[in-house]
Amino acid sequence: MFKTIITKLLYNRHPWRKVNFDELGELYASMLLRSLALSLVALFVPLYLLRSGYSFQAIIVFYACFFTARILGDYLAGYFVARFGPKHAFIISYALQIVSLGMLITLKQVAWPLVLIGILWGITNSFFFVAYHVDFSKVKHTEHGGKELSWMHVMERLGGVIGPVLGGLIATYIGAQYTFFIAALLFVVGLIPLFLSGEPVKTHQKLDFTGLDYHRIKRDLFSYAALSMENNICINVWPFFAALFILKGNVYTEIGVLASAASIISLLTAHTIGSFIDRKKGRQLLRISAVVNAFVNVSRPFVSSFYGAFAVNMANETVTVGYRMPYIKGMYDAADDLPGHRIVYIVSMEMFGDLTKAFLYWMLFILSLVLSQYVTLSLAFFVAAAASIMIMSERFKSL
């Protein structure tokens, strides 16, 4: 149903496509459902764990284990995608996500080890992102990738508009565990579009990590690690910081409102930015956005009200779209220029990014043992500001 609706809405906006819109439509539909499911719960996980009796340090370790597991998970996902194809990897990812959500739902009754949930959730994300980047980079249109990325971003943010407010209201008035239950159901529905066509890439491939020219892609690895770390601090650390030190009312609902409002801004800017990218203005847009974003991140520790947090979210979401979309377009085009090494390239990028994030969270854990919660999280925002500047080290030819 979702795929049919999306195809009717967007097919005429891709007039240059003669083939492969089915694959693209399935990705659009699946991303919409996944985004809606995750936006119901992802923002609220740290607060849910805190209110379930876990310490500040235990929550930091949860994320450290999450990204440590992803380092190995990315490697395994690469081999799985090469052997069976990205759609099969999506199915594994969604199934594991349902299991990890079930563990969170029953956390108080079963007392699952938090480290185990973090590891499982990390592997789940590895299988999704490796498969997604391989799939989309393969089926995108070379000359109109910016527009197609903008529509994919729209699908992602449509879920981000509805999910956070709905999840916040459910968590506030019914119970946070019910948001995890609804998210699990959405993941089940999200599997359906993936069964509607075959694999878009060659299967039974053999990966050759030694054949990739790492000297050639060293700037890609460095800049992607910076982008990945900056994004994660904004997505995970910022809502946790806001819940602890800024928001005073119905915290679940207020976090949801902040996230949904930011997603609306992102929706309004995505298509324009996609057009800029296709007109070869991506690098200029990336650099301006990255610099502005660095100042936004530096300002986060000094925010003290809901309206201040609202302003920061609006500014951050606008510039994040401005640097992320051109960067991802450049990365996908770089993968096209590495025939036979697409999967190896993407796995290497993901592994390097997750290694950096794992290091960040283990360092935050160590710092939390000697510093206050406020100072520990504030330092993360200064790291995010530096990472935002380091994104500009990319040298993608297509930008």
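Here the structure is a predicted model, which is why all the values come from computation and not from measurement.
- With sequence neighbours excluded, no residue forms a ring-ring contact (aromatic ring centres under 6.0 Å, His included) with Tyr323.
- Every pair tested for salt bridge (Lys or Arg N to Asp or Glu O under 4.0 Å) that includes a residue from residues 209-220 fails, sequence neighbours excluded, so the list is empty.
- A donor and an acceptor atom, one from each side chain of Ser228 and Lys357, are located under 3.5 Å apart.
- Asn313 and Trp238 share a side-chain donor-acceptor pair at under 3.5 Å.
- Phe352 has its ring centre no less than 6.0 Å from the ring centre of Tyr224.
- Under the 6.0 Å cut-off for aromatic ring centres, Phe240 and Phe56 qualify, their centroids lying closer than that.
- Ring centroids of Phe365 and Tyr361 are separated by 6.0 Å or more, keeping the two rings apart.
- Counted by atom type alone, Arg324 and Asn231 present one or more donor-acceptor pairs between their side chains at under 3.5 Å.
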With a cut-off of 3.5 Å and sequence neighbours excluded, list every side-chain donor-acceptor pair involving residues 284-294.
residue : atom : partner : partner atom : Å
Ser289  : OG   : Leu285  : O            : 2.8
Asn293  : OD1  : Asn316  : ND2          : 2.7
Asn293  : ND2  : Glu230  : OE2          : 2.6

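- The main-chain N or O of Ala384 is never found under 3.5 Å from a side-chain atom of Ser388 such that the two would form a donor-acceptor pair.
- Annotation: Phe209 is in aromatic contact with Tyr75 [ring centroid separation under 6.0 Å].
- Here the CH2-OH distance, from Trp121 to Tyr63, works out to 7.0 Å after rounding to the nearest 0.5 Å.
- A salt bridge links Arg70 with Glu350: the closest approach of a Lys/Arg side-chain nitrogen to an acidic carboxylate oxygen falls below 4.0 angstrom.
- Relative orientation of the Phe136 and Tyr332 rings is tilted, given thresholds of 30° and 60° on the angle between their planes.
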